[in-house]
Amino acid sequence: MDKRSNRVQPIRLSPEFFPLDIHKSMFINDLAITIPSYYVKSWGEDIIDKHDKNNFKWVVEIDYESPKDLNRTKNTFKATLWLSFIKKRNKESSYRIKWDKDFAVQLAKDYPKSFVRSLEFHIGDDYYKEQKFTEYDIGGFKEQLQVKIDWKDGKPQVRIKEYFKVREESQGFPNIFRELSSYLIADYLLSDEKEILRRIQVGDWKLRSELKKEMNENNIYLLLNRERRELYIGETKKSLSQRYPEGQEHHSFDEWTEYSIIQLPPETSDNTRLLVERILIATGTKLFQNNLNSETPVMQGENCLRLMNKKK
């Protein structure tokens with residue numbers, strides 16, 4: 001830490017990587033980047049000269065590494081690298097990489113402040129054009145990735161990892177960016193093909209200690225004791241932090257250690273929410289050991305879940 005400026009020193013650019021500003025097109029609409037012409041030239045003429053209208057598109061796997069503060073987890077994502085043939089643009093300026101939504105979602109999760117900033121620029125497009133603002137005029141920050149492309153046996157290999165990320169202590173409102181981005185991902189990255197994912201938002205498993213942070217209302221919720229393999233299904237019109245205030249015992253299953261929330265659309269009525277809960281409980285009695293049904297469940301054995309609900 002540089003105490004004079006309260007900044008973390010940026011990660012050095014790794015050899016043979018190029019810096020990439022995180023921008024709107026990486027999340028929304030295009031889901032693509034253009035490879036800088038100077039970097040393409042570094043591949044050498046022996047490689048570039050082999051690319052023509054018979055050899056211009058390659059399916060690749062992006063080897064991606066999450067930021068340092070997220071433990072540098074590694075994943076692979078499908079993408080396409082191709083040479084476009086645009087008039088008035090030279091060959092070296094015409095290489096692009098396009099990926100699927102799963103990588104856009106991953107980037108949005110890992111760099112939530114950049115995603116929220118990009119979405120603000122996207123939604124306020126007309127206003128910002130009138131102001132003659134660029135995307136980077138919003139928010140006062142610019143996060144970056146670094147990218148490396150190798151050619152082996154005529155095929156490209158792509159690596160992407162962190163170059164510079166705004167640290168949480170410098171973000172101003174890191175918790176808001178993190179929580180808000182998860183809902184915006186559902187709205188703007190997943191809604192066109194899977195509308196239901198935009199309306200019904202399923203949360204990750206979280207520790208019980210995080211329950212006090214939950215503010216969303218109108219939920220189906222799951223309570224889990226992973227070690228004992230016990231599960232409870234419930235519903236509430238309130239937020240889960242209101243439903244189970246800190247220090248208050250659960251009425252029938254207080255041994256839970258984790259939870260997950262399924263947030264229903266705002267217009268969902270109390271009767272509909274209760275019906276959804278009953279359907280899930282009824283399904284659970286068919287699949288898991290339980291306290292409600294003497295019928296032999298599909299899932300049996302010591303490694304299977306037990307449904308802890310005491311009434312349907």
Side-chain angles (χ1 to χ4, degrees), residues 75 100-102 105-106 108-109 179 181-246 248-312:
N75 287 294
D100 296 329
K101 286 187 176 181
D102 56 349
V105 168
Q106 186 66 56
K109 288 179 178 179
E179 293 299 320
S181 67
S182 64
Y183 297 102
L184 297 178
I185 286 169
D187 271 345
Y188 287 88
L189 297 186
L190 299 175
S191 60
D192 59 346
E193 294 180 356
K194 298 181 180 179
E195 178 70 13
I196 195 168
L197 291 180
R198 183 180 73 86
R199 306 296 302 282
I200 301 176
Q201 298 163 6
V202 182
D204 296 331
W205 287 107
K206 298 181 181 179
L207 296 176
R208 186 170 183 166
S209 59
E210 298 184 55
L211 186 70
K212 58 180 179 285
K213 302 177 184 178
E214 295 299 337
M215 304 298 292
N216 298 305
E217 300 179 345
N218 205 16
N219 305 307
I220 298 293
Y221 62 88
L222 308 175
L223 306 180
L224 175 69
N225 187 313
R226 193 179 298 267
E227 183 176 351
R228 294 168 56 166
R229 299 182 179 86
E230 294 173 342
L231 175 70
Y232 181 91
I233 300 170
E235 61 83 23
T236 179
K237 182 177 182 178
K238 304 176 182 178
S239 68
L240 213 58
S241 59
Q242 293 174 311
R243 178 69 179 84
Y244 297 114
E246 195 169 10
Q248 177 178 306
E249 292 187 358
H250 187 279
H251 58 276
S252 61
F253 178 46
D254 192 47
E255 295 78 20
W256 63 276
T257 56
E258 299 174 61
Y259 69 94
S260 177
I261 291 174
I262 304 171
Q263 188 182 4
L264 301 175
E267 64 271 17
T268 303
S269 67
D270 293 347
N271 288 337
T272 300
R273 188 181 60 254
L274 184 59
L275 176 62
V276 173
E277 179 205 34
R278 289 175 174 173
I279 291 171
L280 291 175
I281 293 172
T283 302
T285 63
K286 291 289 186 180
L287 297 176
F288 311 127
Q289 300 177 49
N290 60 86
N291 303 310
L292 300 169
N293 195 338
S294 59
E295 180 183 353
T296 302
V298 173
M299 310 293 288
Q300 300 181 58
E302 61 180 12
N303 293 325
C304 297
L305 287 173
R306 182 175 186 84
L307 188 65
M308 301 303 290
N309 292 74
K310 294 183 178 179
K311 63 178 183 179
K312 294 184 180 180

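Ionic pairing of D204 and K109 is not present here: no N-O contact between side-chain nitrogen and carboxylate oxygen is shorter than 4.0 angstrom. Using a cutoff of 4.0 Å between basic side-chain nitrogens and carboxylate oxygens, E295 and K286 are scored as salt-bridged.
Between I220 and E277 the shortest heavy-atom distance is CD1-N, 3.9 Å. The two atoms that bring R273 and L264 nearest to each other are CG-CD1, 3.5 Å, heavy atoms only. Contact record, N309 with I233: ND2-O, 2.7 Å, taken as the closest heavy-atom pair. Taking all atoms of both residues into account, the shortest heavy-atom contact from F288 to L231 is CE1-CD2, 4.3 Å. Of all heavy-atom pairs between D270 and K237, the closest is OD1-CD, 3.6 Å. The nearest pair of heavy atoms linking S260 to G203 is OG-O, 2.8 Å.
In this structure, Y244 has its ring center under 6.0 Å from that of Y221.
A distance of 9.0 Å separates CD1 in I281 from NZ in K311, rounded to the nearest 0.5 Å. Note that CG of N219 and CZ of R243 are 11.5 Å apart. Values are rounded to the nearest 0.5 Å. Note that CD of Q106 and CG of D100 are 13.5 Å apart. Values are rounded to the nearest 0.5 Å. Between the CD atom of E258 and the CG atom of L223 there is a distance of 10.5 Å, given to the nearest 0.5 Å. Taking CG from N291 and CE from M308, the interatomic distance works out to 6.0 Å, rounded to the nearest 0.5 Å.
With sequence neighbours excluded, no residue satisfies salt bridge (Lys or Arg N to Asp or Glu O under 4.0 Å) with K238. When the side-chain hydrogen bond (donor to acceptor under 3.5 Å, both in side chains) test is applied to E217, no partner is found at least two apart in sequence or on another chain.
Y232 is not listed as a side-chain neighbour of E230, based on a closest heavy-atom distance of 4.5 Å or more. Side-chain contact between I261 and L240 is present, with at least one heavy-atom pair separated by less than 4.5 Å. Between L307 and Q289 the shortest side-chain heavy-atom distance does not fall below 4.5 Å. The closest side-chain heavy-atom distance from R306 to R229 is not below 4.5 Å. Using a 4.5 Å cut-off on side-chain heavy atoms (C-beta onward), N218 and Q263 make no contact.
Y259 pairs in a side chain to side chain donor-acceptor pair (under 3.5 Å) with only one of the listed residues (E210, K206, R208, E214), which is E214.
Judged by distance alone, with hydrogens and angles left aside, the side-chain atoms of T272 form no donor-acceptor pair with the main-chain N or O of T268 at under 3.5 Å. Side-chain atoms of T257 come within 3.5 Å of backbone N or O of L224 as a donor-acceptor pair. One N or O on the side chain of N290 and one on the backbone of T285 form a donor-acceptor pair closer than 3.5 Å. Listed for the Q242 side chain is a donor-acceptor partner under 3.5 Å among the backbone atoms of S239.
Within a 6.0 Å sphere centred on CD of E227, other residues, nucleotides and ligands contribute 12 heavy atoms or fewer.
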